[in-house]
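Please read the structure below before turning to the comments.
In what follows, every heavy atom counts, from backbone to side chain, and hydrogens, waters and symmetry copies are set aside.
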Amino acid sequence: MRSLIHRETGTSERTPLRQSDSTADSIGESGLFRLGRVLFGAVLAVMATDNFRNLEGRIQYAESKGAPVPSLSVPAASGGLLFGGLGVALWRVPVASAAAVAAFFAGTTPMMHDFWEMDDPEMRQQEFFHFAKNTALLGAALAFLKLGLSEAPEE
């Protein structure tokens, strides 16, 4: 009996069915995908803009967490998040944009939301939720990165 997800190849081995080459294109052109990426990217751009509006506070917070050279790293990370958020929302240079978002969350989340270091149970819970939220955003950025890579022309 043939499996729904495998096909016979003429030998006794089975190989998985391949997605059609147009699958990435059809996802990228769907209305739900467009809405999702605009919502995702716009929220990230707003977060980055808020970081710039409250730059001194963000720098002080990063300094309290032991971030390296916060006077440079905070504006740079916020700039990367702004670039990435706008790029994902507009689906321009999607690989670089999604990579910038992923780099932001991969770099800042464990340092800024180190819930395992908190003694106060309320602070630990608050930092855990921020850590979990950022981890989910990292996952979404990686999904956008994968889709961007699948749309990129092969060299």
Distance, nearest 0.5 Å, that separates CD of E151 from NZ of K146: 11.5 Å

So if you build clusters from Ile, Leu, Val, Met, Phe, Trp, Tyr with side-chain heavy-atom gaps below 4.5 Å, do W91 and L81 land together? yes

Quick check on K133: does its NZ atom have over 12 non-hydrogen neighbours (other residues, nucleotides or ligands) under 6.0 Å away? yes

Residue from H130, E122, R124 passing side chain to side chain contact (heavy atoms under 4.5 Å, CB included) with Q126: H130

Separation of S71 OG from E56 CD (nearest 0.5 Å): 9.0 Å

What are the two closest heavy atoms between A67 and M112, and how far apart are they? CB-CE, 3.9 Å

Are any of the side-chain nitrogens in D50 or R58 under 4.0 Å away from the carboxylate oxygens of its partner? yes

Nearest heavy-atom approach of M118 to E127 is CG-CG, 4.2 Å

Determine whether a donor-acceptor pair (N or O, by modelled atom type, separation under 3.5 Å) exists between the side chain of S97 and the backbone of R92. yes

Are the side chains of F144 and V101 in touch, meaning some heavy atoms are under 4.5 Å apart? no

When every non-hydrogen atom of P68 is compared with those of S73, the smallest separation belongs to O-OG, 2.8 Å

I want to check something: taking the side chain as every heavy atom from C-beta on, are L147 and P94 in contact at a cut-off of under 4.5 Å? no

Identify the heavy atoms of P75 and L72 that sit nearest to each other, and give their distance. CD-O, 3.4 Å

pair T135-T109: side-chain heavy atoms closer than 4.5 Å: yes

Are the side chains of L137 and N134 in touch, meaning some heavy atoms are under 4.5 Å apart? yes

A102 and L142: which non-hydrogen atoms are nearest, and at how many Å? CB-CD2, 4.0 Å

Hey, is the main chain of Y61 close enough, under 3.5 Å, to the side chain of S64 for a donor-acceptor pair? yes

Is there a chain of hydrophobic side chains (I, L, V, M, F, W, Y, each step under 4.5 Å between heavy atoms) that links L138 to V88? yes

Evaluate the side chain to side chain contact (heavy atoms under 4.5 Å, CB included) criterion for residues W116 and F128: first the C-alpha distance (whole Å), next the side-chain angles of each, then the deciding distance (0.1 Å), finally the verdict. CA-CA 8 Å; W116 55 90; F128 172 77; over 6 Å; no

Can you tell me how far CZ of R37 sits from CG of L32, rounded to the nearest 0.5 angstrom? 12.0 Å

Answer yes or no: does atom CG of L35 have more than 12 heavy-atom neighbours from other residues, nucleotides or ligands under 6.0 Å? yes

Does the side chain of V74 come within less than 4.5 Å of S78's, by heavy atoms? yes

Run the side chain to side chain contact (heavy atoms under 4.5 Å, CB included) check on F104 and F83 step by step: do they pass? CA-CA 11 Å; F104 174 85; F83 165 79; over 6 Å; no

Here's a test for you: under side chain to side chain contact (heavy atoms under 4.5 Å, CB included), which of T49, N51, V43 qualifies with M47? V43

Which pair of non-hydrogen atoms, one from A45 and one from L86, has the smallest distance, and what is that distance? CB-CD2, 3.9 Å

